[in-house]
Undergrad: 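Just passing along the structure, written as structure tokens.
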Number of protein chains: 2
Amino acid sequence: MELIDGNQSIATDDCLSTAVGEPLSRKEAETLATALKAVADPTRLQLLSMISGSPSSEACVCGLTEALDLTQPTISHHLKVLVDAGFLTRDKRGRWAWYAVVPDRLDVLRSLLP
Amino acid sequence: MELIDGNQSIATDDCLSTAVGEPLSRKEAETLATALKAVADPTRLQLLSMISGSPSSEACVCGLTEALDLTQPTISHHLKVLVDAGFLTRDKRGRWAWYAVVPDRLDVLRSLLP
DNA sequence: ACCTCACATAGATGACTGTCTATGCAATAT
DNA sequence: ATATTGCATAGACAGTCATCTATGTGAGGT
């Protein structure tokens, strides 16, 4: 074991300073990861950007399906994921379902990133 | 087709306002989704929080493995994912590999969220 | 030289995910 | 009443992922 300035060691038997910061609790980490997973998909990111960029920040499935070269059930599936994760709300009006972004949900996500 | 005030319609054959905002380009969306996927895992979030909370914002695998009830190869795997995605750097010193957080990488991610 | 230790890599496996087709349902139009 | 339309749900399938055990590698210690 070779010492330098009496404190720091370059090569030693032990790692020393195995001390690491307290991790995020497993439960917090899982909650945050679940929210991130909902957003970590290219199609869902496109959906969010399209809806938030729409006239009244809402859009129906028809327009979204036309813009994204995917089948309507696939779009519906992604929208459901975003609703379940709290990023969108769904409002059925007549024959159409209108989706709107939940205003501060993404900001909350941003603030929770470590 | 029933009209109200000559412009807005409550019930009509067409959705009207199928106009949606321009989506994020597919390529941008995929790049962002790839970065988000790297972070959207509870174990990797815990690793990030532990490393950034460590004395000199760096930690070696030994300490991380002890804290997270997972096998060492699994921790190594997650660390590699984070390095590949640009969230961590790896510095091999002697027998130990020290991982450090890339300072502004998470901020970039935050700013890219739609 | 040889052994030990810290970490990485390889391969296997069960679980999850994104997409599709097929179908159901409720609201509107005829 | 019946047909049509917009959307959701169900089920199937291929690809990806998180984890494990087993093994390789390179630096240090003896």
Side-chain angles (χ1 to χ4, degrees), chain A residues 1-3 9-18 20 26 29-30 33-34 36-47 58-66 68-85 88-99, chain B residues 1-3 9-18 20 26 29-30 33-34 36-47 58-66 68-85 88-99:
Chain A
M1 167 136 150
E2 182 183 345
L3 292 182
S9 69
I10 290 283
T12 170
D13 293 17
D14 244 330
C15 176
L16 301 189
S17 139
T18 42
V20 291
R26 187 68 190 182
E30 282 170 357
T34 300
L36 284 168
K37 271 183 212 292
V39 178
D41 177 274
T43 299
R44 292 198 283 270
L45 287 171
Q46 287 186 297
L47 288 171
E58 60 179 6
C60 65
V61 183
C62 52
L64 300 168
T65 301
E66 287 174 11
L68 286 189
D69 206 34
L70 288 171
T71 65
Q72 171 265 316
T74 299
I75 301 295
S76 269
H77 161 70
H78 286 301
L79 290 170
K80 177 172 167 47
V81 171
L82 289 170
V83 169
D84 289 348
L88 291 180
T89 58
R90 177 178 179 271
D91 182 26
K92 180 130 190 184
R93 295 205 290 272
R95 288 193 293 191
W96 299 280
W98 292 84
Y99 287 88
Chain B
M1 167 139 146
E2 183 182 347
L3 292 182
S9 68
I10 291 283
T12 171
D13 294 17
D14 246 330
C15 174
L16 300 188
S17 136
T18 42
V20 292
R26 187 68 191 181
E30 282 171 356
T34 300
L36 285 168
K37 271 184 213 291
V39 179
D41 177 273
T43 298
R44 292 197 284 270
L45 287 170
Q46 288 186 296
L47 288 171
E58 61 179 4
C60 66
V61 183
C62 52
L64 300 169
T65 301
E66 286 174 12
L68 287 190
D69 207 33
L70 287 171
T71 65
Q72 171 264 315
T74 300
I75 300 295
S76 269
H77 161 69
H78 286 302
L79 290 170
K80 176 173 167 49
V81 171
L82 289 171
V83 168
D84 289 348
L88 292 178
T89 58
R90 176 178 181 271
D91 181 27
K92 181 129 188 185
R93 296 206 288 272
R95 289 194 292 190
W96 299 281
W98 293 85
Y99 288 87

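Just so we're on the same page: letters track the sequence lines, and every chain starts at 1.
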Undergrad: Can B/Glu30 and B/Thr34 be counted as having a side-chain donor-acceptor contact under 3.5 angstrom?
TA: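 Checked: B/Glu30/B/Thr34 side chains show no N/O donor-acceptor pair below 3.5 Å.
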Undergrad: Pick the nucleotide of DNA chain D nearest each of B/Val81 and A/Arg90; which residue has the one closer to the 5' end?
TA: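 Result of the comparison: A/Arg90.
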Undergrad: So does B/Thr74 get a side-chain nitrogen or oxygen closer than 4.0 Å to the phosphate oxygens (OP1/OP2) of D/dC20?
TA: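 Indeed, a polar side-chain atom of B/Thr74 lies that close.
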Undergrad: Ignoring the backbone of A/Cys62, work out which of C/dC20, C/dA8, D/dC7 is nearest its side chain.
TA: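 Nearest to the side chain of A/Cys62 among the choices is D/dC7.
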Undergrad: Taking atom C1' of C/dA8 as reference, at what distance in whole Å does atom CG of B/Leu79 sit?
TA: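 Those two atoms, CG and C1', are 11 Å apart.
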Undergrad: Applying a 4.0 Å non-hydrogen cut-off, can you work out what A/His78 is touching in the nucleic acid: base, sugar-phosphate, or nothing?
TA: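 Sugar-phosphate: the residue A/His78, judged by heavy atoms under 4.0 Å, touches backbone atoms but no base.
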Undergrad: Taking A/Lys92 for the side chain and A/Ala97 for the main chain, is one N or O donor matched with an acceptor at less than 3.5 Å?
TA: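 A pair under 3.5 Å: no.
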Undergrad: By the 4.0 Å heavy-atom rule, please label A/Lys80 as base, sugar-phosphate, or nothing.
TA: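 Contact class for A/Lys80: sugar-phosphate only.
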Undergrad: Between atom CG in B/Asp84 and atom C1' in D/dT16, what is the gap in whole Å?
TA: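 Roughly 16 Å, once rounded to whole Å.
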Undergrad: Choose from C/dT19, C/dC7, D/dA8 the nucleotide whose nearest atom is closest to any side-chain atom of B/Ser76.
TA: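 Nearest to the side-chain atoms of B/Ser76, counting from C-beta on, is C/dC7.
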Undergrad: Report yes if a side-chain nitrogen or oxygen of B/His77 is closer than 4.0 Å to either non-bridging phosphate oxygen (OP1 or OP2) of D/dA18; otherwise report no.
TA: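 Yes, within the criterion.
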Undergrad: For D/dT19, does OP1 or OP2 lie under 4.0 Å from any side-chain N or O of B/Thr43?
TA: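 Answer is yes, contact under 4.0 Å.
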Undergrad: What's the closest nucleotide to the side chain of B/Val61 if the choices are C/dC20, D/dC7, C/dA8?
TA: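 Of the candidates, C/dA8 comes closest.
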Undergrad: Is the base of C/dA6 touched by the side chain of B/Gln72 through a donor-acceptor pair closer than 3.5 angstrom?
TA: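 Counting by modelled atom types and ignoring angles, no donor-acceptor contact under 3.5 Å is found here.
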Undergrad: Could you pull out the closest heavy-atom pair between B/Thr65 and B/Thr71, with the gap in Å?
TA: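 The pair with the smallest heavy-atom distance is CG2-C, 4.3 Å.
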Undergrad: Do you know which two heavy atoms are closest between A/Leu45 and B/Ala29, and how far apart they sit?
TA: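 Closest approach of A/Leu45 to B/Ala29: CD1-O, 3.5 Å.
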Undergrad: Measure the distance from CG on B/Leu82 to P on D/dC17 and round it to the nearest whole Å.
TA: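 Taking CG of B/Leu82 and P of D/dC17, I get 14 Å after rounding.
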Undergrad: Over how many whole Å does the gap from A/Arg95 atom CZ to C/dA29 atom C1' extend?
TA: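 Answer to the nearest Å: 7 Å.
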Undergrad: Does D/dA8 have OP1 or OP2 sitting under 4.0 Å from an N or O in the side chain of A/Tyr99?
TA: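 A/Tyr99 to D/dA8 OP1/OP2: side-chain N or O found under 4.0 Å.
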Undergrad: Take the protein atom CG of A/Leu36 and the nucleotide atom P of D/dC17, then report the distance between them rounded to whole Å.
TA: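 Answer to the nearest Å: 16 Å.
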Undergrad: Round to a whole Å and report the spacing from CG of A/Leu68 to P of C/dT19.
TA: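 Those two atoms, CG and P, are 10 Å apart.
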Undergrad: Within a strict 4.5 Å, meaning less than it, do heavy atoms of the B/Gln46 and B/Leu68 side chains meet?
TA: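 Yes. Closest side-chain heavy atoms under 4.5 Å.
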Undergrad: Rounded to whole Å, please give me the gap between CH2 in A/Trp98 and C1' in C/dA27.
TA: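 To the nearest whole Å, that distance equals 16 Å.
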Undergrad: Output the rounded distance in Å from NZ (B/Lys92) to P (C/dC5).
TA: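 Nearest whole value for this atom pair: 15 Å.
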Undergrad: Would you mind telling me which residue lines up with the more 5' stretch of DNA chain C, A/Arg93 or B/Lys37, judged by nearest nucleotide?
TA: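 Nearer the 5' end of the strand: B/Lys37.
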